[in-house]
Visitor: 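There's a structure below that I have some questions on.
Letters A, B, ... are given to chains in the order of the sequence lines, protein chains preceding strands, and every chain is numbered from 1.
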Amino acid sequence: MKNKKYTFMVSILSLFAALAVILSVFLIYNFYNRGIENAYKILNEKNTEVVNNISKTIMGSMKSVERHLEILSKVTTNKNITTDIDILERVTWEQLQSDEAIASIFLADENGSFIQSRRLPKWAFRHIDAKDSRKLDIWEYKDESNSIKTIHFKKLEYDPRIRPWYKEVTYNHKVNWSNPYIFSSTGTPGITISVGDFDQFNQKIKVAAADFSLDTLSKTLEEKSHLLGGDILMFNDSKDIVGTSKKLETKNKEQKLIKIDDLVDNRYSQAYEKLQKKELTGEIVNNNIEYIYFITTIPQVTGNNWYILSFIEKKFIIADIKATMLNTIVISLFIILMIYFPIQYVLKKFVITPIRKLEYMTDEISKNRFQNLKPIKTIVYEFDELSHSMIDMASSIQKYEADQKKLMDSFIKLIATAIDGKSKYTGGHCERVPELSLMLIKEASNSEDGIFKEFKIENSDQLREVSVSAWLHDCGKVTTPEYVVDKSTKLETIYNRIHEIRTRFDVIYRDLVIESLKKELNGENKEDIENWLREEHNKLDEDFKFIATANVGDEFMKDEDKQRVREIAQRTWTRHFDNMICQP
Amino acid sequence: MRFLLLILFVSGFLFANSLRVSNFVDYIDIEVLKDFASKNGVEIIYDTHGYNEDIYNKLLDNSESYDVAFLSSNYIQKLKKQNLITEIEKDKLSNYKNIDQKILESNFRDTKNYLVPYFWGSIGLYINQSKTNKNFYSWNDLWSVDLKKSILISKEPLDVFAISLKSLGYSVNTTNEQEIKKAYEKLVLLIPNIKKLSSGNAPTYFTQNDFIAGMMFNGDAKTITEDAKEYKYIYPKEGALLWADGMVIPTSSKNKELAYKFIDFIIDAKVSAQIADKIGYALANAEAKKYMPKSYLNDYIIYPSTNQMKNSEILNDNESSNRLILEYWQKFLSEFDKYQVKYI
C-alpha cells in the first residue's frame, strides 16, 4: 500500500473534493448559525409589524365606530328620538352597512325610546316608542335593499336606560367602552361602545351605542396569523379572551366568553404567567413542541389593558433554515459537479493528454523509435518546451548512438588492426574479410536460388552485424599467445628465458666437468680435482637456485641481490655456434 | 349556537300567543297592527309578500304556518281547491255584517264562504306624463318603440299575461292554448321596453327612477298622484285588470282563535276606514265607507266609473291554463334575463 501510485485525476479530484467539502462545511455551519439568529430577528420584526397592523386596524375600527356614534348622538336635536325616526333609521342603516364590525348600532333617549339597526340574527330595524301607550317593541326585518319583509310586534319589556351601555355614560365620561361580554343576539363576544349627548345643563339627553363584534377582530387575527405563520390571541387584564386567530378548545364547553384559564391548550396560561413576570418574548414548550412567543400591549382600551399574544412554532423557523441549508448543500454539490466536469475536461485536454503524449514519446525514445517523434500540440508552455527538449534529446541520443557506433567501429577496427598488426605476416587480412563477407552476404540475399531464397538481409542493422562480425572474426586472437599469432619462425614463441639461463648453467656445469678432466689429464691430484669440482658445482647450484628464485620473484629486488645477479652474470661460458645466423 | 336554539325553542312557546300574518307589501296601516297587538296583548309576526305566487307556494308546501293570509280571488280559488283554507265561521266575526255583500258575491263567487273580503281594485296603465308627449290609453301603448327600457312590469305571472292577452283582445281567462301562446310571444316582444320586473315598491320606481310608464295597482298609483300631478293612472281601452283580495285562515294555522280576532278587528268599520285612508284602495267594507271623506269616494282611481270599468275583467282560477301560463312565464323570465346580459 505504501508505494501504491494514484493517477493524476484521482489526486486532483480528491484535492478538489476535500477543498470543496471543507469550504462548504465552514460556510454551511456559519450560515446555519447566522440563519437562526437572523430568522429570529426577522420573526421579531414581522411580529412587530403584524401586531402593529392588528393594533392599528382594531383601534382604527373602534375609533371609527366611535365617530359614527358621535354623529348619531348629534344628528337629531329632539329629546324624543321617535320624532325623527325616519332619518335615524336611514342614518343607522347606512352606518351599519359601512362597517362590518358593527353588529348593531342604536340610540336611546331619556324617555326610554329606542331605535336600532342590527345585522344579526337578520337585518332588522328595531324601534320602541316609550311615549306610545301601546308599549310595543317593533322589529322590522329587511332585505338587502332595505325593504321590509316582516314586522314583529312584541310586548315592550326592554328599557334601554337601565342597560350598562346607557348608564355608564356620564357627563365626565362621555365615551364608554364596555368589557367584553357575550351578545345575546349572536351568542358571540363583543364590546359595546357608547357615546352620550348632553344638554346645556350637562343632563343626559340620549346615548348612541354600537355593538362591536369581536368576531371581526378574530377574523383580522386569523388573516394576520397566516402572515405571521402562527397563532394570535388577544386578551385583557382580566384574562378575558377578546379575539383569537383560530378556534380554541375550552375545558367547559358551554361557556362563550372564554377566559385564558378555560383553555385546554396550556400555552396561553404559560404566556400569561410570563407577562406577569414582564417577559414579553421568549420560548414556551407545550406538548413537547417548542414555541416562540411575543406579547404586545395595546394602548389602553376601557380601563383594562389589552394584549396581543403571538405564538410561532420554533420548528418553522428552523425548518426554513434547514430546508434552505439542504437546498444550499444540494445546489453546492450540483455546482461542484457542474464545475468538476469542465475542469476534468480541461485538465484532460491540456494536462493529461499532453503528458500521456510525452509519456509515449519517452517510451518511443526508450525503444529507440526515433522516427515518429513530433512535437506535441499544446498551449501549455512547459509541455511545449518539454516536448521540444525530448525531440532534441532524441536527436542527441541518435547522434550519441551514431557516435557510439562510430566509436565501436573505431575500436573494432583498432582491435582488429592491432590483432592483425601483431603479425606482419597476416596483416591486411582484417580489412579484406569484412569486404568480402559483405559482398557475399549481399549476393546471397539477392539470390533466389535454392536455400538463398529465404535468406534476406532486411535492414542496415543486419548488414552492420555482418560487418562487425567480419571485422571481429579474428578477435579471439587477442587471447592467443603472440608466438602463435605472429608466425614469423616456427619456433618463435613466448618463452621463459630462464630455460636458456638453465641451459647456460648446464653448459657451465659441463665446462667445469671438462675442466676437471683436463686437469686430470694434466696429472693433477684426483682428490683435489674432485673437491674443486664439487665446490664449483655447488657454487653453480646455489647461483642457479638464486637466479631461478629471483626470476619468479617480485619486481622489487634488494640492491645486494641485484649486485649478486650482476656478479653471477660475469660468468662466462664457451660458445661454439654462431648466434648471428639466428636472426631472420 | 345552542343559545340561538334556546331562543327559538322559547319563541316556539311565545308563538302560541303570537299571530302570524302574511299580507301584500304596503297593504295595511302599521298603526292598526300596533293597536291590535297592544289591545290583545299578543305578538304579531307580520310577513309581507310581493305577489300571490309567493304566498301561495308557501301555503302549498307548508314551509311556514300562517294564521291569516291575504290573497287575491283567483288564488283563493286555488287554495280552496287544494283544501288549504278553512271555511269562515261567521259567528266568530262580530263585524262580519260590515262586509259589502255585492263585492263578495261578484268577485268571490265560489269561494265566498272561505274568505273575508279586504279591498279591491284594478291594475291599469301608469304614466309619468312629464317624461313623454305621447297620450296613453291602451295596453298596446306599452309596446311602443318610444318606451325602450322605461316601463315597469309586475312579477305576478297571471297579471302580466292578462295584460298581454287583453292587448291582443283576448279574455284574461282564456283557456285557448293558441291565444296564450300568442300572449307569450307578444310578451317577449315587450322585453326591450322593460326597465324592471317588480311587484313591490312600485311607487318608488316612478318617483326615484326614470320610469315612464307601466302597469300598476291603482292604490299604489294613488299614493303618488296625490303628491304629483304629472303621474296619471289610466284605465286602458282594452279594459283594466280587476282584482279583489280577501283574508283566509289556512288550515295549518296554529291559532285560529287569534286569527278570527284579527280578522274581526280588521273589518271593524273604523279600522277599515283607517286602512283605506292609508293605502288608497276601494273598500269591501260597506260600513267603513261611511267614515271615508268624499274625496276618497269620488276618486276615480279608487272607484272607477262604469265607463272606466268597461271591458275590465277579474282573473278566474283555471288550473290547466294557469299551469301553461306559469310555464310560459318561466320561459319569459329566462328570455328576460338573457336580454339583460346581452344589453348591459
Visitor: Just checking K239(A): does its NZ atom have more than 12 heavy atoms from other residues, nucleotides or ligands closer to it than 6.0 angstrom?
Guide: yes

Visitor: Please check: side-chain N/O of T48(B) versus main-chain N/O of I148(A), any donor-acceptor pairing under 3.5 Å?
Guide: yes

Visitor: Taking atom NZ of K149(B) as the centre, report whether more than 12 heavy atoms of other residues, nucleotides or ligands fall under 6.0 Å from it.
Guide: yes

Visitor: Is a side-chain donor or acceptor of R134(A) paired with a backbone partner of E31(B) at a separation under 3.5 angstrom?
Guide: yes

Visitor: What I'd like to find out is whether the side chain of K34(B) reaches to under 4.5 Å of the side chain of F153(A), using heavy atoms alone.
Guide: yes

Visitor: State whether the side chain of K155(A) and the backbone N or O of G41(B) hold a donor-acceptor pair below 3.5 Å, judged by distance alone.
Guide: yes

Visitor: Could you tell me which portion of D132(A) (side chain, backbone, both or neither) has an atom closer than 4.5 angstrom to a non-hydrogen atom of chain B?
Guide: side chain

Visitor: Around atom CD1 of I87(A), are there more than 12 heavy atoms of other residues, nucleotides or ligands at under 6.0 Å?
Guide: no

Visitor: What closest approach, in Å, do L136(A) and S38(B) show between heavy atoms, and which atom pair accounts for it?
Guide: CD2-N, 4.3 Å

Visitor: Name the region of V42(B), side chain, backbone, both or neither, that has any atom closer than 4.5 Å to a heavy atom of chain A.
Guide: backbone

Visitor: Mind checking the CG-NE2 spacing from L33(B) to H152(A)? Nearest 0.5 Å is all I need.
Guide: 12.5 Å

Visitor: Counting only heavy atoms not in K74(A), do more than 12 sit closer than 6.0 Å to its NZ atom?
Guide: yes

Visitor: Count the heavy atoms of every other residue, nucleotide or ligand shown that sit under 6.0 Å from NZ of K58(B), and state whether that count exceeds 12.
Guide: yes

Visitor: Could you look at D26(B) and say if it's the side chain, the backbone, both or neither that has a heavy atom under 4.5 Å from chain A?
Guide: neither

Visitor: Tell me, yes or no, whether the heavy-atom count around K155(B) atom NZ, taken from other residues, nucleotides or ligands under 6.0 Å, exceeds 12.
Guide: no

Visitor: Can you find a pair of side-chain heavy atoms, one from D47(B) and one from Y141(A), that are under 4.5 Å apart?
Guide: no

Visitor: Should we say atom NZ of K224(A) is surrounded by more than 12 heavy atoms from elsewhere, each under 6.0 Å from it?
Guide: yes

Visitor: Hey, are the side chains of I44(B) and I151(A) touching, using non-hydrogen atoms and a 4.5 Å cut-off?
Guide: no

Visitor: Heavy-atom cut-off 4.5 Å, strictly under: side chain, backbone, both or neither for K135(A) against chain B?
Guide: neither

